[in-house]
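Data first, discussion second: the structure below is written as structure tokens.
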Amino acid sequence: MRKYYEFVVEGLIFISGIASIIFVLLIFIFLLKEGLMLFRQVGVFEFLFGEHWYPISEPPRLGILPLILGSLWVTFGATVISVPIGVACAIYIGEIAPGWLREILKAGVELLAAIPSIVLGFIGLVTLVPLVKKIFHLPTGLTALSGSIMLAFMAMPTIVSIMEDALNAVPRGYREGSVAMGATKWQTIRRIVLPSASSGIIAAVMLGIGRVIGETMAVMMITGNAAMIPKSFFQPVRTMTATIAAEMGETVQGSDHYFALFAIGIVLFAITFVVNLFADMSLHQKQARV
Amino acid sequence: MVDQKIQIKHLDFYYGKFQALKEVNLSIPEREITAIIGPSGCGKSTLLRCLNRMNDLVSGAKVEGEVLIDGEDIYQPSTDLVRLRKKVGMVFQRPNPFPISIFDNIAYGPSIHRFAAKKELPGIVEKSLEAVGLWDALKGRLSEHALALSGEQQQRLCIARLLAVEADILLMDEPCSALDPIATERIEELMRKLQKNYTIVIVTHNMQQAARVSSRVAYFYLGELIEFGSTQRIFTTPLRQETEDYITGRFG
């Protein structure tokens with residue numbers, strides 16, 4: 001009796017353990033199956049580098065270059081804004097803030113991560129968008145810049161919390177050794193602590209970027225969603241994620257448009273996969289060395 | 001009479017409410033090795049860390065009394081900690097070279113204190129490594145990662161980087177406790193060589209080590225200095241019963 005019980009428990013745990021892998025595989029297979037159908041009709045090159053996304057004109061034009069560039073611009077902008085602030089914030093929390101303040105700040109950062117993206121998008125729409133419009137004298141505030149700023153808020157918690165872990169993992173002996181030689185706090189942080197935590201910092205930034213690329217709701221609400229090749233941060237852009245979200249409900253199943261949306265999913269999957277891979281590699285590189 | 005390099009007067013030290021050092025009076029002579037011995041928790045590491053004010057990093061730490069180094073009280077508000085720690089170097093229990101190259105480990109001090117131009121650095125690195133007996137072994141590997149060295153070499157490197165900033169007091173907090181006996185012997189040899197030019201204060205729980213390397217010994221128990229004198233006298237004719245009990249291994 002006991003033997004059967006053990007067997008059942010082990011089996012259940014095993015199934016739960018591999019379930020996540022199976023789901024990823026199934027999702028990936030489904031994505032490929034639907035997405036690759038598109039390429040019976042449309043060339044890969046034409047799809048990736050086509051400059052026009054008119055999915056419901058006749059004949060439809062399914063070039064996603066504006067969408068890829070839209071995603072990249074918004075991501076780039078969000079990275080430029082969130083990385084310096086996030087890194088500085090992590091240094092302050094991890095190295096400088098006194099104990100009680102550190103706890104408050106950490107809780108604050110976690111709370112920021114807990115805000116649903118639709119709420120951030122909504123707040124951005126009613127506060128940030130009019131502000132951007134007014135400051136830069138634009139016809140509309142729904143721009144790549146607004147999207148970047150809002151997404152920077154979403155990348156921050158990821159960057160800060162992972163980087164803070166990386167700083168925490170730096171052995172105390174390094175700091176003591178440096179301070180005992182007469183180095184100031186800032187010299188110690190800049191010359192000893194940051195370089196020793198560098199792989200963790202890179203991983204933090206990468207995961208932050210991964211978060212931004214995959215984000216949908218907030219960007220859909222505040223970037224203006226015009227599928228044009230962006231020429232400046234003050235123009236509306238449309239990201240890949242927003243395109244899928246906005247159009248999936250209205251497309252005919254089995255049409256080229258439908259398959260194209262899945263193909264966008266594949267591109268998105270590939271990009272986030274590569275970003276996460278880099279993050280993972282820089283995390284493990286450190287373990288291999290020490 | 002030898003000069004008194006460090007004079008500790010009426011020193012009390014508290015971690016919060018706990019008094020770790022009680023009314024310590026001690027004069028440490030220049031260019032000699034002074035060993036501080038005693039059982040765990042007797043305050044010997046705390047005392048060492050009072051001499052370069054590393055205890056400032058501990059929250060709730062409080063110091064009363066005076067520590068004079070070259071006649072200057074280092075607990076004056078006007079004390080320049082950067083200058084103090086440049087002059088009073090510290091070697092830790094676990095070798096802690098920085099996770100950068102061997103060259104950069106030595107060059108770190110001169111560059112943070114900005115007293116050497118870039119082109120002088122190779123000379124400083126050579127001189128410092130030479131002084132700790134690492135130059136011949138490492139001269140072709142200066143760009144290698146310092147953590148690739150053996151424990152003993154790492155500890156020598158940690159000593160070398162203090163010599164590079166022209167420290168003249170070396171505080172050693174159980175510098176050999178993470179090393180094997182042969183490495184320990186070689187580090188002790190190095191200490192004997194260095195005492196010609198440096199004042200060394202070593203904390204050790206190893207009485208044989210104190211007997212081998214030091215010329216003076218201070219025995220601490222529960223935060224109090226029990227006895228201080230020449231190593232030979234302390235180990236042959238201790239004046240206090242407690243000292244005798246400890247060095248003969250009756251307790252501790």
Side-chain angles (χ1 to χ4, degrees), chain A residues 87 90-106 163-204 281-290, chain B residues 48-49 51-60 79-101 104-115 145-148 154-155 157-167 169-173 178:
Chain A
V87 166
I91 292 175
Y92 184 71
I93 293 178
E95 300 290 320
I96 298 167
W100 59 274
L101 185 57
R102 174 176 311 176
E103 291 313 312
I104 295 175
L105 286 173
K106 275 169 83 164
M163 180 168 158
E164 212 250 322
D165 287 345
L167 294 179
N168 257 330
V170 173
R172 222 168 74 114
Y174 295 170
R175 295 190 182 85
E176 283 197 326
S178 174
V179 171
M181 289 189 67
T184 61
K185 194 160 204 161
W186 175 238
Q187 283 172 328
T188 302
I189 292 172
R190 193 172 67 86
R191 307 264 317 249
I192 303 296
V193 178
L194 290 182
S196 358
S198 62
S199 56
I201 295 169
I202 292 170
M281 268 163 51
S282 60
L283 269 182
H284 286 103
Q285 181 196 3
K286 186 183 177 186
Q287 286 162 8
R289 204 182 59 205
V290 179
Chain B
L48 201 67
R49 283 164 169 263
L51 303 182
N52 65 347
R53 290 189 57 178
M54 279 300 274
N55 283 330
D56 289 18
L57 303 181
V58 181
S59 60
T79 302
D80 178 356
L81 282 182
V82 169
R83 234 190 64 208
L84 169 70
R85 289 176 183 155
K86 175 174 171 297
K87 175 162 143 175
V88 186
M90 183 164 228
V91 179
F92 295 80
Q93 196 166 347
R94 292 183 61 85
N96 60 347
F98 303 125
I100 46 182
S101 74
D104 289 341
N105 260 278
I106 310 275
Y108 183 66
S111 103
I112 56 171
H113 294 296
R114 297 197 181 84
F115 67 75
H145 205 266
L147 298 181
Q154 290 189 9
Q155 201 59 299
L157 183 64
C158 291
I159 297 171
R161 73 183 177 198
L162 303 179
L163 308 187
V165 292
E166 293 158 10
I169 298 174
L170 304 179
L171 308 176
M172 302 193 173
D173 191 354

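Letters go in sequence order (proteins before strands), and every chain restarts at 1.
Residues B:M54 and A:V179 come closest through the heavy atom pair SD-CG1, 4.1 Å. The minimum heavy-atom distance between B:I112 and A:G182, with the atom names listed, is CD1-C, 4.2 Å. Here the closest heavy-atom approach between residue A:Y174 and residue B:F98 is recorded as O-CE2, 3.4 Å. Minimum heavy-atom separation, A:A180 to B:F92: CB-CZ, 3.9 Å. A pairwise comparison of heavy atoms in A:G173 and B:N96 identifies O-ND2, 2.7 Å as the closest pair.
B:P95 does not touch chain A: none of its heavy atoms, backbone or side chain, sits under 4.5 Å away. Only the side chain of B:L57 comes within less than 4.5 Å of a heavy atom in chain A; its backbone stays farther off. Within the 4.5 angstrom heavy-atom criterion, only backbone atoms of B:V88 (N, CA, C, O) approach chain A. If you measure heavy-atom distances from B:R161 to chain A, the contacts under 4.5 Å come from both the backbone and the side chain.
The shortest side-chain heavy-atom distance between A:E176 and B:R49 falls under the 4.5 Å cut-off. Side-chain contact between A:S178 and B:Y108 is present, with heavy atoms from C-beta onward closer than 4.5 Å.
Counted within 6.0 Å of CZ on B:R94, heavy atoms from surrounding residues, nucleotides or ligands total 12 or fewer; the atom is thus considered open.
Across B:A148, B:S111, B:C158, B:A167, the residue that shares the most heavy-atom pairs under 4.5 angstrom with chain A is B:S111.
Between the side chain of B:H113 and the main chain of A:A183, no donor-acceptor pair closer than 3.5 Å is present.
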